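Below is one structure, written out as structure tokens, with a few remarks after it.
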Amino acid sequence: MIDKRLLIDSVQIEKVLGRDEWGKESYGGALTLSPVRFDRATTLTHGSKDDTQRNPGVIFVYSRYCKVILDDSYIDGRIIDGDKKYKVIGIIPISLYKKVIGYEIEVI
């Protein structure tokens with residue numbers, strides 16, 4: 001198991017509730033995830049016409065310290081980390097002996 005002293009971050013996760021007639025998403029049901037580990041990264045892609053910057057990351061949530069149950073309904077939702085917002089692209093359960101002990105949340 002991971003040492004709790006490494007879990008230094010706190011974020012909020014929100015589900016997509018629906019879309020309006022122009023396709024803009026509405027979010028709701030904010031859930032605070034704390035303590036967690038948020039590993040952020042920055043990648044810069046150079047194209048022939050422009051440069052693109054992506055900010056992918058992985059959030060590690062351990063059930064022993066953060067009592068939540070996450071499922072695929074949070075995919076396409078968003079993570080709020082202070083003033084930055086990320087889109088959830090995947091939730092991977094971490095299992096040990098067929099018991100879920102945590103989750104990896106992939107964001108961009």
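Not measured: the values here are computed from a predicted model. In this chain, numbering begins with 1 at the start of the sequence shown.
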Supply the atom-to-atom distance D76 CG to I89 CD1, rounded to the nearest 0.5 angstrom.
10.0 Å
Locate the shortest heavy-atom distance separating D20 from K24; write the atom from each residue and the value.
OD1-N, 2.8 Å
Please walk me through it: do T32 and S10 pass side-chain contact (heavy atoms from CB on, under 4.5 Å)?
CA-CA 7 Å; T32 301; S10 177; 3.9 Å; yes
Taking the side chain as every heavy atom from C-beta outward, state whether D9 and R40 have any pair of such atoms under 4.5 Å apart.
yes
For I8 and R37, what are the C-alpha separation, side-chain angles and deciding distance, and is it a side-chain contact (heavy atoms from CB on, under 4.5 Å)?
CA-CA 6 Å; I8 58 173; R37 176 75 184 183; 3.8 Å; yes
Look at the side chain of Y65 and the backbone N and O of I2, then say whether any donor-acceptor pair between them is shorter than 3.5 Å.
yes
Are any non-hydrogen side-chain atoms of L31 and Q12 less than 4.5 angstrom apart?
no
d(L70 CG, I75 CD1) to nearest 0.5 Å is 10.5 Å
How long is the straight-line distance from OH of Y27 back to CD1 of I80, given to the nearest 0.5 Å?
9.5 Å
Rounded to the nearest 0.5 angstrom, the CG-CD1 distance for D81 and I13 is 12.5 Å
For the atom pair OH (Y62) and NZ (K67), what is the distance rounded to the nearest 0.5 Å?
14.5 Å
With side chains defined as the heavy atoms from C-beta onward, is the minimum distance between I101 and R64 less than 4.5 Å?
no
Any side-chain heavy atom of F60 sitting closer than 4.5 Å to one from V36?
no
Quick one: are K87 and R78 in side-chain contact, heavy atoms under 4.5 Å?
no
Hydrophobic clusters here meaning ILVMFWY residues chained together by side-chain heavy-atom distances under 4.5 Å, can you tell me if I91 and L96 are in one?
no
Are L7 and I69 grouped together when hydrophobic residues (ILVMFWY) are joined by side-chain heavy atoms under 4.5 angstrom apart?
no
What distance do K85 atom NZ and I79 atom CD1 have between them, rounded to the nearest 0.5 Å?
12.5 Å
Answer yes if Y86 and V11 sit in the same cluster of Ile, Leu, Val, Met, Phe, Trp and Tyr residues linked by side chain heavy atoms under 4.5 Å apart, and no otherwise.
yes
Would Y103 and Y74 count as a close aromatic pair, with their ring centres under 6.0 Å?
no
